[in-house]
Amino acid sequence: MSDAAGDRLFADPELDWQSVSPALVTERRLPVAVLALLGLGLVVGGVVARLSGNGAGWPLVVLGLVVLAVAALLWWVVVPRVVAAWRYAEREQDLLVSRGRLQRRLSVVPYGRMQVIEVSANPVSRRLGIATVMLVTASAATDARIPGLPTDVAQRLRDRLAAKGEAAAAGL
Amino acid sequence: MTESAPAYAETELSPSEMHRLHPLTPFLRSWRMLGAATAIGFGFFRDDLERLKFFWDALRGDAELSVLFKAAVVLFVIAAVLVTGAWLSWRATGFAIVDDGQGPGRLRFHRGLFVRQRSQIRLNRVQSVDVNQPLFARVLGLAVLQLDMAAGDDASVSLAYLSVKDAWSVREEIIRHTPNAPEVGALVGEHREDELVAQVSTTRLVQATLLESVSVLAFFVVWIVAVVVIGIVGSGQALLAGLSGIVPVTIAILVQLRKVLASILRDADFRLYRTPTGIRVSAGLTSTVNRTIDTDRIQGVRLEEPFLWRRLGWARVEVDVAGAADSTQAARLMPVADRPAALALVRSVTGVDLDAGGVRRAGRRARSLDPVGWRYLGVVLHEHGAVSLRGRWRRSRVYVPYARAQSVSVRQGLVQRRLGLASASLDMPKGIGSWQARHRDVAEAADLVAELAGRARAHRAPPARGSG
């Protein structure tokens, strides 16, 4: 219905939105690849069972194909879209993080409320040269996480946020 | 703030300036262990004890008596060791309030028999000092002094056990060292001088609790009747079938009843006092709790009206306080009161009238997402905080101050997207029910987010006491 309004809410065109690195797609596809391998294994197993005359091979093949289809959907549709929908914008006084495709979310975190800014990277993301920046406030409900930032961008963002946080320091 | 020992190692407290905890502490501390030892001992000697079924038999043969004797000796030795250990550790435990004129007063706390722990607490970081009496301590006339520290410091320190009189005098001594001392000074002399604001009679508390849990109780009655009827009328097999279901349901009901009973015990003899910096709550039948609530630290207030209370015009008030030790239990500010009194209470601690007009209701489109309660969803933005309303049967109003909001978020699911709705919320540091503006029109949600974010930014929490 009024999707234009929704777009304006979750991705205000007047703001300078930064998207995350496409390398995040690669990282998020990794578990999907594992799933795809599992599906493939099921299909092969089913076919082998069938050929060796054990009979009950078809259910396995069907299950494997379903798994493969799900993996394909995740690989080509879901992961790229989710990653594309993840973005952030720095405003004068606060940071905006917008994410989600089916369920859209937007978090507005005033710089003064940030307690810790965490930059982390698991082995895979280190390989890909990306890192996750996470803002921690006194509230566990604050959900401001920006994954998939190129390492140098992440570090600069962290420093910038830290400086702004200090300037706006407003206790609890 | 607890600082580690080295810097103060040379100023070891001498026994003369050290306050000891109450001498009964070791027994109270080890009563669980004693119980466990008894149980273990009993298990260990059970076979032998069974032979003693008839004491007269035992008297006839020496062998059995010696077994009993052995058991008694072993138990006695275990008990003696435990109590001695506890006593030694009690001897090594002590505290002192030090005010040497340099810097703020400090509470120094020594403990540990083998691993010595020397900690000290800067008293200007103390947020509240509560005197609690758990059941067993209460029987012996003892109390636990609980210190809550400013957020970010080690959450709390408890001095257990002190005699009730000592606990109150130490509390006053500590309060004298907190930054607000001058205004407090005149009043701390005697805690009983705090002005009694409100009190809940036990009759009313019981009525209210029963009314609130009436569905469980009704179920309980129906269940008992059903079981009895099955027992009388039914054949053996029907009874068996009924019995198979009895155990889990009975357990579930008992758990609920226990909750009801626990809440009555906890809130019994509820008294509310006004203190210079806030409010003091004293409550409890078996274990008494004395909780000081600093109005500056309130980060959420909830007014609840369960369905059956509304006819009687009753309401309950709960508060959420920053840095409180027992975060599991939202503090009851008033377990049950007449609605106007409850509203007045909320107004006195937050300055906000929860019944004020200007409610922005959710629109008709919310109906398909919340067919029962959509009419009752709403928000009010006040100057220093916001109220959110919800609940058709059980009405609840939550007030949060902007100064404590950590971030603003808004989310939109698939259905909401189709309807052009979104839900906004204020993210608070843990809480009793969150502040939410559910199912608002998207454009309105956008305005709300902008407004809330702006207000949250503009309102700063007063700095934690003494943190500067």
Side-chain angles (χ1 to χ4, degrees), chain A residues 1-15 78 81 85 88-117 134-146 161 164-165 167-172, chain B residues 150-152 296-297 299 322-323 365 400 402-431 434-436 440-464 467-468:
Chain A
M1 235 152 64
S2 54
D3 223 33
D7 289 342
R8 207 161 45 248
L9 170 57
F10 289 96
D12 189 342
E14 283 163 33
L15 290 174
V78 177
R81 284 180 173 222
Y88 66 97
E90 292 166 70
R91 283 201 307 200
E92 195 123 321
Q93 308 270 5
D94 39 31
L95 180 83
L96 273 62
V97 182
S98 174
R99 71 186 182 98
R101 196 66 197 214
L102 293 182
Q103 149 129 284
R104 299 198 280 189
R105 297 155 156 212
L106 171 77
S107 298
V108 184
V109 189
Y111 295 128
R113 298 292 206 276
M114 294 188 289
Q115 292 191 328
V116 180
I117 303 154
M134 196 162 102
L135 304 183
V136 182
T137 68
S139 164
T142 300
D143 180 24
R145 201 158 48 91
I146 316 171
L161 292 179
K164 284 175 175 166
L172 233 180
Chain B
D296 281 349
R297 285 162 61 220
Q299 56 190 16
R365 268 177 288 164
V400 298
Y402 299 125
R404 300 278 177 187
Q406 299 299 308
S407 58
V408 182
S409 54
V410 54
R411 46 187 72 200
Q412 182 184 49
L414 265 186
V415 182
Q416 284 185 317
R417 191 168 183 171
R418 185 142 301 167
L419 295 167
L421 300 173
S423 299
S425 58
L426 281 170
D427 302 326
M428 308 300 294
K430 87 159 161 86
S434 51
W435 189 96
Q436 276 191 321
R440 315 301 297 198
D441 185 82
V442 167
E444 201 196 338
D447 290 347
L448 262 180
V449 169
E451 197 168 344
L452 290 173
R455 292 191 183 200
R457 221 186 297 124
H459 285 75
R460 294 172 170 219
S467 66

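In what follows, every chain begins at residue 1, and chains take the letters A, B, ... in the order their sequences are listed.
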Write down the atom of [X], the atom of [Y], and the distance for their closest heavy-atom approach.
{"X": "A:Asp94", "Y": "B:Arg457", "result": "OD2-NH2, 3.0 Å"}
{"X": "A:Pro110", "Y": "B:Ser407", "result": "CD-CA, 4.2 Å"}
{"X": "B:Arg417", "Y": "A:Arg101", "result": "NH1-O, 3.1 Å"}

Checking A:Arg8 against chain B: side chain, backbone, both or neither under 4.5 Å from a heavy atom? neither
A:Arg99 versus chain B, the contacting section by heavy-atom distance below 4.5 Å: neither
Roughly how far, to the nearest 0.5 Å, is CD of B:Gln412 from CD of A:Gln103?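 Spacing of CD (A:Gln103) from CD (B:Gln412) equals 9.0 Å.
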For the side chain of A:Ser139 and the backbone of B:Met428, is there at least one donor-acceptor N/O pair under 3.5 Å apart? yes
Applying side-chain contact (heavy atoms from CB on, under 4.5 Å), run through B:Val410 and A:Leu9 and close with a yes or a no. CA-CA 9 Å; B:Val410 54; A:Leu9 170 57; 4.0 Å; yes
Can you tell which of B:Gly454, B:Ala422, B:Ala405, B:Ser423 has the highest number of heavy-atom pairs within less than 4.5 Å of chain A?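 The candidate making the most pairs under 4.5 Å is B:Ala405.
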Using non-hydrogen atoms and a 4.5 Å limit, figure out which bit of B:Ala424 sits close to chain A: side chain, backbone, both or neither.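 Neither the backbone nor the side chain of B:Ala424 comes within 4.5 Å of chain A.
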